[in-house]
Amino acid sequence: MEPSNKYRQYDLHCHSTASDGELTPVELVKHAVECGVDVLALTDHDVTDGLSAAAEEARRHDLEFISGVEISANWNGNLIHIVGLNFDVENSQLQDGLAGLREQRTERAAEMARLLTKAGMPGSLEGAQSFSSGQILSRTHFAQFLLQAGHIKTMQEAFDRYIGAGKPAYVAAEWTSLKQAVDWITAAGGQAVIAHPGRYKLSATKLRQLIEAFKAAGGKGLEVISGKQDINMTRNLADYIIRYQLFASVGSDYHGPSQVWRNMGKMPTIPKGCQPIWNLWA
Ligand code: AMP
Ligand code: MN
Ligand code: MN
Ligand code: MN
(Lines give C-alpha, C1' and ligand atoms only; values in the text may rest on other atoms or scores of the structure.)
(Ligands and ions follow the chains in the order given, each with its own letter.)
Protein backbone atom coordinates (compact mmCIF):
# COMPACT_ATOMS: atom_id res chain seq x y z
CA MET A 1 0.00 0.00 0.00
CA GLU A 2 1.19 3.53 -0.79
CA PRO A 3 1.89 5.52 2.35
CA SER A 4 -0.03 8.77 2.51
CA ASN A 5 2.36 11.55 1.55
CA LYS A 6 0.39 14.12 3.48
CA TYR A 7 1.97 14.30 6.91
CA ARG A 8 -0.67 15.23 9.47
CA GLN A 9 0.34 18.13 11.71
CA TYR A 10 -0.42 17.45 15.37
CA ASP A 11 -0.42 20.10 18.09
CA LEU A 12 -1.45 18.57 21.40
CA HIS A 13 -0.59 21.40 23.81
CA CYS A 14 -1.81 25.00 23.76
CA HIS A 15 -3.70 27.56 25.85
CA SER A 16 -6.76 29.79 25.47
CA THR A 17 -8.33 32.58 27.53
CA ALA A 18 -9.92 29.83 29.66
CA SER A 19 -6.48 29.79 31.37
CA ASP A 20 -3.48 31.98 30.54
CA GLY A 21 -3.63 32.13 26.73
CA GLU A 22 -4.41 35.30 24.80
CA LEU A 23 -6.82 33.89 22.19
CA THR A 24 -10.35 32.73 22.89
CA PRO A 25 -10.97 29.02 22.15
CA VAL A 26 -12.64 30.01 18.85
CA GLU A 27 -9.77 32.34 17.84
CA LEU A 28 -7.28 29.64 18.81
CA VAL A 29 -8.91 27.04 16.56
CA LYS A 30 -8.93 29.53 13.66
CA HIS A 31 -5.26 30.25 14.28
CA ALA A 32 -4.45 26.53 14.34
CA VAL A 33 -6.18 26.10 10.98
CA GLU A 34 -4.18 29.02 9.52
CA CYS A 35 -0.99 27.42 10.81
CA GLY A 36 -1.77 24.14 9.04
CA VAL A 37 -2.58 22.10 12.12
CA ASP A 38 -4.71 19.02 11.36
CA VAL A 39 -5.21 17.64 14.88
CA LEU A 40 -5.43 19.98 17.87
CA ALA A 41 -5.78 19.50 21.62
CA LEU A 42 -6.53 22.51 23.82
CA THR A 43 -4.79 22.00 27.18
CA ASP A 44 -5.64 24.83 29.56
CA HIS A 45 -4.21 24.84 33.09
CA ASP A 46 -6.49 22.95 35.52
CA VAL A 47 -9.67 23.81 33.60
CA THR A 48 -11.65 22.41 30.67
CA ASP A 49 -14.01 25.37 30.11
CA GLY A 50 -12.64 26.15 26.63
CA LEU A 51 -13.13 22.68 25.18
CA SER A 52 -16.75 22.81 24.04
CA ALA A 53 -16.40 26.12 22.16
CA ALA A 54 -13.15 24.94 20.57
CA ALA A 55 -14.67 21.60 19.56
CA GLU A 56 -17.64 23.36 18.01
CA GLU A 57 -15.41 25.72 16.02
CA ALA A 58 -13.20 22.81 14.92
CA ARG A 59 -16.28 21.16 13.35
CA ARG A 60 -16.60 24.21 11.06
CA HIS A 61 -13.11 23.53 9.71
CA ASP A 62 -11.17 20.51 8.57
CA LEU A 63 -9.66 20.15 12.03
CA GLU A 64 -9.79 17.15 14.32
CA PHE A 65 -10.20 18.24 17.93
CA ILE A 66 -9.01 16.28 20.98
CA SER A 67 -9.97 17.08 24.57
CA GLY A 68 -7.06 18.18 26.73
CA VAL A 69 -5.97 19.70 30.02
CA GLU A 70 -2.66 20.59 31.69
CA ILE A 71 -2.67 19.53 35.35
CA SER A 72 -0.46 21.14 38.01
CA ALA A 73 1.13 18.30 39.98
CA ASN A 74 3.79 17.97 42.61
CA TRP A 75 6.60 15.45 42.45
CA ASN A 76 9.29 15.56 45.16
CA GLY A 77 8.69 19.27 45.68
CA ASN A 78 8.83 20.09 41.94
CA LEU A 79 5.88 21.58 40.05
CA ILE A 80 5.36 19.17 37.16
CA HIS A 81 2.76 19.65 34.42
CA ILE A 82 0.82 16.57 33.35
CA VAL A 83 -1.13 16.86 30.11
CA GLY A 84 -4.26 14.76 29.80
CA LEU A 85 -5.48 13.88 26.31
CA ASN A 86 -8.58 12.40 24.72
CA PHE A 87 -10.64 11.91 27.90
CA ASP A 88 -14.31 12.17 28.79
CA VAL A 89 -14.72 15.83 29.79
CA GLU A 90 -17.75 15.06 31.96
CA ASN A 91 -15.91 12.58 34.19
CA SER A 92 -16.58 13.59 37.79
CA GLN A 93 -13.35 12.23 39.27
CA LEU A 94 -11.36 14.39 36.88
CA GLN A 95 -13.61 17.43 37.28
CA ASP A 96 -13.60 17.21 41.10
CA GLY A 97 -9.81 16.99 41.01
CA LEU A 98 -9.51 20.04 38.76
CA ALA A 99 -11.91 22.00 41.00
CA GLY A 100 -9.60 21.32 43.96
CA LEU A 101 -6.61 22.60 42.01
CA ARG A 102 -8.51 25.78 41.13
CA GLU A 103 -9.22 26.36 44.85
CA GLN A 104 -5.51 26.09 45.51
CA ARG A 105 -4.88 28.60 42.72
CA THR A 106 -7.24 31.07 44.40
CA GLU A 107 -5.47 30.69 47.75
CA ARG A 108 -2.05 30.89 46.11
CA ALA A 109 -3.00 34.08 44.25
CA ALA A 110 -4.01 35.82 47.49
CA GLU A 111 -0.73 34.83 49.10
CA MET A 112 1.29 35.93 46.05
CA ALA A 113 -0.46 39.29 46.13
CA ARG A 114 0.37 39.67 49.82
CA LEU A 115 4.06 38.97 49.14
CA LEU A 116 4.12 41.34 46.16
CA THR A 117 2.58 44.10 48.28
CA LYS A 118 5.28 43.46 50.88
CA ALA A 119 7.87 43.83 48.12
CA GLY A 120 6.43 47.23 47.17
CA MET A 121 4.00 46.19 44.42
CA PRO A 122 0.45 46.60 45.71
CA GLY A 123 -2.79 45.87 43.85
CA SER A 124 -1.58 42.74 42.09
CA LEU A 125 -4.60 40.54 42.89
CA GLU A 126 -7.05 42.92 41.22
CA GLY A 127 -4.42 43.65 38.57
CA ALA A 128 -3.93 39.96 37.72
CA GLN A 129 -7.70 39.45 37.70
CA SER A 130 -8.08 42.19 35.10
CA PHE A 131 -6.00 40.04 32.70
CA SER A 132 -7.97 36.86 33.35
CA SER A 133 -11.27 36.17 31.65
CA GLY A 134 -11.51 32.56 32.79
CA GLN A 135 -11.96 31.05 36.24
CA ILE A 136 -8.27 30.61 37.05
CA LEU A 137 -5.48 32.98 38.01
CA SER A 138 -2.07 32.07 36.67
CA ARG A 139 1.36 33.50 37.32
CA THR A 140 1.13 34.69 33.72
CA HIS A 141 -1.65 37.09 34.77
CA PHE A 142 0.52 38.41 37.61
CA ALA A 143 3.40 38.90 35.18
CA GLN A 144 1.08 40.80 32.81
CA PHE A 145 0.03 43.08 35.67
CA LEU A 146 3.64 43.67 36.80
CA LEU A 147 4.56 44.58 33.23
CA GLN A 148 1.61 46.95 32.84
CA ALA A 149 2.37 48.61 36.18
CA GLY A 150 5.96 49.21 35.05
CA HIS A 151 7.60 47.05 37.73
CA ILE A 152 9.34 44.98 35.04
CA LYS A 153 10.27 45.37 31.37
CA THR A 154 9.64 41.81 30.12
CA MET A 155 7.43 38.91 31.21
CA GLN A 156 10.57 36.85 31.79
CA GLU A 157 11.74 39.42 34.36
CA ALA A 158 8.64 38.76 36.48
CA PHE A 159 9.65 35.11 36.83
CA ASP A 160 13.38 35.86 37.25
CA ARG A 161 12.89 38.49 39.97
CA TYR A 162 9.59 37.85 41.74
CA ILE A 163 7.34 34.90 40.93
CA GLY A 164 9.65 32.16 39.63
CA ALA A 165 10.54 29.22 41.93
CA GLY A 166 12.55 30.41 44.92
CA LYS A 167 11.91 34.13 44.29
CA PRO A 168 10.36 36.44 46.93
CA ALA A 169 6.73 36.17 45.76
CA TYR A 170 6.86 32.48 44.80
CA VAL A 171 4.28 30.44 46.67
CA ALA A 172 4.76 26.68 46.59
CA ALA A 173 1.43 24.84 46.51
CA GLU A 174 0.63 21.20 47.21
CA TRP A 175 -1.30 20.80 43.93
CA THR A 176 -1.80 17.04 43.58
CA SER A 177 0.52 14.06 43.40
CA LEU A 178 1.87 12.74 40.12
CA LYS A 179 -0.01 9.49 40.74
CA GLN A 180 -3.30 11.29 41.45
CA ALA A 181 -3.02 13.42 38.31
CA VAL A 182 -2.41 10.31 36.20
CA ASP A 183 -5.30 8.50 37.92
CA TRP A 184 -7.80 11.30 37.20
CA ILE A 185 -6.89 11.29 33.51
CA THR A 186 -6.95 7.51 33.31
CA ALA A 187 -10.31 7.33 35.14
CA ALA A 188 -11.71 9.67 32.49
CA GLY A 189 -10.49 7.33 29.74
CA GLY A 190 -7.59 9.53 28.62
CA GLN A 191 -3.82 9.32 28.38
CA ALA A 192 -1.42 11.12 30.72
CA VAL A 193 1.67 12.76 29.24
CA ILE A 194 4.53 14.62 30.95
CA ALA A 195 4.47 18.15 29.53
CA HIS A 196 7.77 19.73 28.39
CA PRO A 197 10.03 17.30 30.35
CA GLY A 198 13.08 19.36 29.47
CA ARG A 199 11.87 22.51 31.20
CA TYR A 200 11.96 21.47 34.87
CA LYS A 201 15.67 22.13 35.41
CA LEU A 202 16.07 18.57 36.75
CA SER A 203 19.41 16.77 36.73
CA ALA A 204 19.67 13.76 34.39
CA THR A 205 19.19 11.45 37.39
CA LYS A 206 16.12 13.30 38.67
CA LEU A 207 14.56 13.43 35.20
CA ARG A 208 14.99 9.67 34.88
CA GLN A 209 13.44 9.18 38.33
CA LEU A 210 10.49 11.38 37.35
CA ILE A 211 9.92 9.34 34.21
CA GLU A 212 10.17 6.07 36.16
CA ALA A 213 7.69 7.30 38.79
CA PHE A 214 5.35 8.48 36.04
CA LYS A 215 5.54 5.15 34.21
CA ALA A 216 4.89 3.27 37.48
CA ALA A 217 1.87 5.52 38.10
CA GLY A 218 0.34 4.49 34.77
CA GLY A 219 1.49 7.46 32.69
CA LYS A 220 1.53 6.86 28.94
CA GLY A 221 3.65 9.46 27.20
CA LEU A 222 6.23 12.24 27.09
CA GLU A 223 6.17 15.38 25.02
CA VAL A 224 9.19 14.51 22.94
CA ILE A 225 8.80 17.80 21.07
CA SER A 226 7.68 20.90 22.95
CA GLY A 227 7.80 24.44 21.61
CA LYS A 228 11.37 25.47 20.98
CA GLN A 229 13.57 22.71 22.35
CA ASP A 230 17.19 21.78 22.09
CA ILE A 231 17.77 18.88 19.66
CA ASN A 232 19.86 17.07 22.29
CA MET A 233 16.92 17.13 24.70
CA THR A 234 14.67 15.71 21.96
CA ARG A 235 17.13 12.81 21.42
CA ASN A 236 17.40 12.26 25.15
CA LEU A 237 13.60 12.10 25.53
CA ALA A 238 13.29 9.81 22.51
CA ASP A 239 15.71 7.41 24.23
CA TYR A 240 13.56 7.44 27.38
CA ILE A 241 10.40 6.80 25.35
CA ILE A 242 11.97 3.75 23.77
CA ARG A 243 13.57 2.48 27.00
CA TYR A 244 10.40 2.80 29.10
CA GLN A 245 7.96 1.85 26.33
CA LEU A 246 6.16 5.18 26.48
CA PHE A 247 4.44 7.08 23.65
CA ALA A 248 5.52 10.36 22.06
CA SER A 249 3.41 13.51 22.12
CA VAL A 250 3.99 16.82 20.38
CA GLY A 251 2.85 20.30 21.37
CA SER A 252 3.70 23.94 20.80
CA ASP A 253 2.56 25.19 24.24
CA TYR A 254 1.31 28.21 22.31
CA HIS A 255 -0.09 30.96 24.55
CA GLY A 256 -0.86 33.68 22.02
CA PRO A 257 0.54 36.16 19.50
CA SER A 258 2.75 38.05 21.96
CA GLN A 259 4.82 34.87 22.36
CA VAL A 260 6.17 34.94 18.82
CA TRP A 261 8.93 32.44 19.55
CA ARG A 262 6.42 29.64 20.13
CA ASN A 263 3.92 29.62 17.31
CA MET A 264 1.75 26.74 16.18
CA GLY A 265 2.34 24.46 13.25
CA LYS A 266 5.59 23.31 11.61
CA MET A 267 6.67 21.07 14.48
CA PRO A 268 9.63 18.73 13.90
CA THR A 269 8.69 15.14 13.15
CA ILE A 270 8.78 12.56 15.93
CA PRO A 271 12.18 10.84 16.22
CA LYS A 272 12.56 7.39 14.67
CA GLY A 273 11.64 4.49 16.92
CA CYS A 274 9.08 6.47 18.96
CA GLN A 275 5.42 5.45 18.78
CA PRO A 276 3.14 8.49 18.61
CA ILE A 277 0.48 8.75 21.32
CA TRP A 278 -2.26 9.00 18.68
CA ASN A 279 -1.58 5.37 17.71
CA LEU A 280 -3.57 4.62 20.90
CA TRP A 281 -6.59 6.44 19.43
CA ALA A 282 -6.80 4.51 16.18
P1 AMP B 1 1.12 28.82 36.99
O2 AMP B 1 0.54 27.62 36.31
O3 AMP B 1 0.08 29.79 37.44
O4 AMP B 1 2.11 28.48 38.06
O5 AMP B 1 1.91 29.63 35.88
C6 AMP B 1 2.83 28.99 35.06
C7 AMP B 1 2.75 29.63 33.70
O8 AMP B 1 3.59 30.78 33.68
C9 AMP B 1 3.31 28.73 32.61
O10 AMP B 1 2.32 27.89 32.12
C11 AMP B 1 3.73 29.72 31.57
O12 AMP B 1 2.62 30.07 30.76
C13 AMP B 1 4.12 30.93 32.38
N14 AMP B 1 5.59 31.04 32.52
C15 AMP B 1 6.39 30.28 33.27
N16 AMP B 1 7.67 30.71 33.19
C17 AMP B 1 7.64 31.77 32.35
C18 AMP B 1 8.63 32.66 31.86
N19 AMP B 1 9.91 32.54 32.23
N20 AMP B 1 8.25 33.63 31.01
C21 AMP B 1 6.95 33.76 30.66
N22 AMP B 1 5.97 32.96 31.08
C23 AMP B 1 6.31 31.97 31.92
MN1 MN C 1 0.75 28.76 30.85
MN1 MN D 1 3.37 23.83 31.31
MN1 MN E 1 1.24 24.71 28.74
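As the structure is a prediction and not an experimental result, all values here were calculated from the model. Start at 1 and go down the list; that is how both ligands and their atoms are numbered.
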Legend entry - Flag side-chain contact, heavy atom, 4.5 Å: Thr48 against Asp44: no
Legend entry - Exam field: side chain Asp46 to backbone Ser72, donor-acceptor pair closer than 3.5 Å: yes
Legend entry - Counterpart residues, ring pair (Phe, Tyr, Trp, His ring centres under 6.0 Å), relative to His151 (two or more places apart): none
Legend entry - Single hit among Val29, Leu23, Asp253, Leu40 for side-chain contact (heavy atoms from CB on, under 4.5 Å) with Cys14: Leu40
Inset, instruction - Please report how many protein N/O/S atoms lie under 2.8 Å from the Mn ion (ligand 3). - result: 3
Inset, instruction - Using ring pair (Phe, Tyr, Trp, His ring centres under 6.0 Å) as the criterion, list what pairs up with Trp278, not counting sequence neighbours. - result: Tyr10
Legend entry - Sidechain-backbone polar pair: Glu64 side chain, Asp38 backbone, donor-acceptor under 3.5 Å: no
Inset, instruction - Assess the side chains of Ser252 and Asp11: does a donor N or O sit below 3.5 Å from an acceptor N or O? - result: yes
Legend entry - For Val89 against Leu51, the heavy-atom pair lying closest together: CG2-CD1, 3.7 Å
Legend entry - Expected output: side-chain Gln229 to main-chain Val224 donor-acceptor under 3.5 Å: yes
Inset, instruction - Please confirm if an N, O or S atom belonging to His15, backbone or side chain, lies less than 2.8 Å from the Mn ion (ligand 4). - result: yes
Legend entry - Donor-acceptor side-chain pairing of Gln209 and Trp75 below 3.5 angstrom: no
Inset, instruction - Anything with a heavy atom under 4.0 Å from ligand 1 counts, so go ahead and list those protein residues by chain and number. - result: Asp20, His45, Arg105, Arg108, Ser138, Arg139, Thr140, Gln156, Phe159, His255
